[in-house]
Amino acid sequence: MASNAPDPDAPLSDEEFERGRAAILARKARAATGLSQPAFAARYGVPVASLRDWEQGRRKPDAATRNYLRVIASMPDAVARALDGAA
């Protein structure tokens, strides 16, 4: 009996691997803030649906957004203050 389930031992494609790395980055950035997805999205100006897709590995953020997530992960309060001052 043939199964249509994906082979869990199959190697990841380059795209799957990169989406996984981006998912880790997005989760790390949000964890650094301690915020929920909606609160993080509102504070840092990203669509909550995009954040959800990045964290779940469905989509990979573009290069600028990946860098933005790295800065948030390193300096979440400073980024939030800079954004508050920009209004």
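The first residue of the sequence shown is numbered 1, and numbering continues consecutively from there.
Residues satisfying the side chain to side chain contact (heavy atoms under 4.5 Å, CB included) test with Q37, not counting sequence neighbours, are R30, V48, L51, R52, E55. Scanning for side chain to side chain contact (heavy atoms under 4.5 Å, CB included) contacts around A80 gives R43, Y44, with sequence neighbours left out. Looking at residues two or more places apart in sequence or on another chain, you find no side-chain hydrogen bond (donor to acceptor under 3.5 Å, both in side chains) involving R21. Under the side chain to side chain contact (heavy atoms under 4.5 Å, CB included) criterion, S36 pairs with P38, A39, sequence neighbours left out.
By the criterion of side-chain heavy atoms lying less than 4.5 angstrom apart, applied directly or through intervening Ile, Leu, Val, Met, Phe, Trp or Tyr residues, F17 is not grouped with L25; the two fall into different hydrophobic clusters.
Put simply, the side chain of K60 does not reach to within 4.5 Å of the side chain of W54, judged on heavy atoms.
Summarising the geometry of G57 relative to A23, their closest heavy-atom pair is N-CB, 3.9 Å, with the distance given to 0.1 Å.
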Using a 3.5 Å cut-off and no angle test, enumerate the donor-acceptor pairs between side-chain atoms of residues 69-79 and protein atoms at least two apart in sequence or in another chain.
unit_1: R70; atom_1: NH1; unit_2: N67; atom_2: OD1; d: 2.8
unit_1: S74; atom_1: OG; unit_2: R70; atom_2: O; d: 3.2

Requested in this report: Decide side-chain hydrogen bond (donor to acceptor under 3.5 Å, both in side chains) for D62 and T65; before the verdict, give the C-alpha distance in whole Å, the side-chain angles of both, and the deciding distance to 0.1 Å.
Outcome: CA-CA 5 Å; D62 63 24; T65 303; 2.8 Å; yes
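Under the 3.5 Å distance criterion, the side-chain polar atoms of R66 are matched with a main-chain donor or acceptor of P61.
Rounding to the nearest 0.5 Å gives a distance of 4.5 Å between CG of D53 and CZ of R58.
Counting only residues at least two apart or in different chains, side-chain hydrogen bond (donor to acceptor under 3.5 Å, both in side chains) contacts with residues 11-20 comprise S13-E16.
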